[in-house]
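Comments concern the structure below.
Atoms within each ligand, like the ligands themselves, are counted from 1 in listed order.
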Amino acid sequence: MIDPLSLTIGAGLVVGGWALGRFGSRPTRKPTGGQQTARCGCGHDLAVHDRENGRCHGETFRKTGYGMKEWSSCKCRRYTGPTPIEDFFAPPTLPPSI
Ligand SMILES: [Zn+2]
Ligand SMILES: [Zn+2]
């Protein structure tokens, strides 16, 4: 005699275990791949800093008075955040000195 209820429970357990094994133990990975974001002390990304003179082209939202706010250009003049590894280990290519 086959009991339909226990069959259903058994099937549910199998599916549940499969789902747990498939989705439960998946290592959580950050979208950035674990790489540290190159962010300056001013709070802006390295990308908005000028490569030539280091000035920041970002904008800050500052209070100007009684509830007044306005966007103003960032006063940062030099990037102070961590240097990305790609930039650090990729010096400008020089012609072979032979
Ligand atoms: Zn900055
Ligand atoms: Zn900035």
Side-chain angles (χ1 to χ4, degrees):
M1 175 183 165
I2 300 172
D3 183 8
L5 183 64
S6 60
L7 261 180
T8 309
I9 291 173
L13 280 175
V14 170
V15 173
W18 174 82
L20 264 178
R22 184 165 172 81
F23 300 110
S25 63
R26 187 188 282 184
T28 49
R29 199 179 296 171
K30 289 181 180 179
T32 52
Q35 194 178 19
Q36 193 180 15
T37 311
R39 201 169 283 270
C40 175
C42 68
H44 290 116
D45 205 272
L46 172 63
V48 298
H49 288 77
D50 199 299
R51 291 241 172 188
E52 296 294 324
N53 53 29
R55 290 194 65 151
C56 179
H57 297 301
E59 289 183 318
T60 48
F61 202 46
R62 69 171 184 181
K63 289 183 179 178
T64 56
Y66 297 96
M68 299 273 288
K69 292 176 185 175
E70 70 167 15
W71 286 101
S72 62
S73 56
C74 186
K75 291 182 174 59
C76 173
R77 287 165 177 266
R78 192 178 174 187
Y79 175 77
T80 57
T83 308
I85 297 173
E86 308 95 72
D87 283 14
F88 197 73
F89 287 105
T93 48
L94 297 169
S97 57
I98 301 174

* Quick one: closest heavy-atom pair of G54 and H49, and the distance? => O-CD2, 3.7 Å
* How about H57: does one of its N, O or S atoms come closer than 2.8 Å to the Zn ion (ligand 2)? -> no
* To do: Verify the distance test for H49 against the Zn ion (ligand 2): any N/O/S atom under 2.8 Å, yes or no.
  => no
* To do: Could you grab the angle centred on the Zn ion (ligand 2), going from SG in C42 to SG in C56, to 10°?
  => 120°
* Metal site the Zn ion (ligand 2): N/O/S of C40 inside 2.8 Å -> no
* Can you find a heavy atom in the side chain of C56 that is under 4.5 Å from one in the side chain of C40? -> no
* Asked: Are more than 12 heavy atoms from other residues, nucleotides or ligands located less than 6.0 Å from atom CZ of R78?
  -> no
* To do: Output the atom name for the N/O/S atom of H44 with the smallest distance to the Zn ion (ligand 2).
  => ND1
* Gap between atom CG of L46 and atom CZ of R51 - 0.5 Å precision -> 5.5 Å
* Any side-chain heavy atom of H44 sitting closer than 4.5 Å to one from C74? -> yes
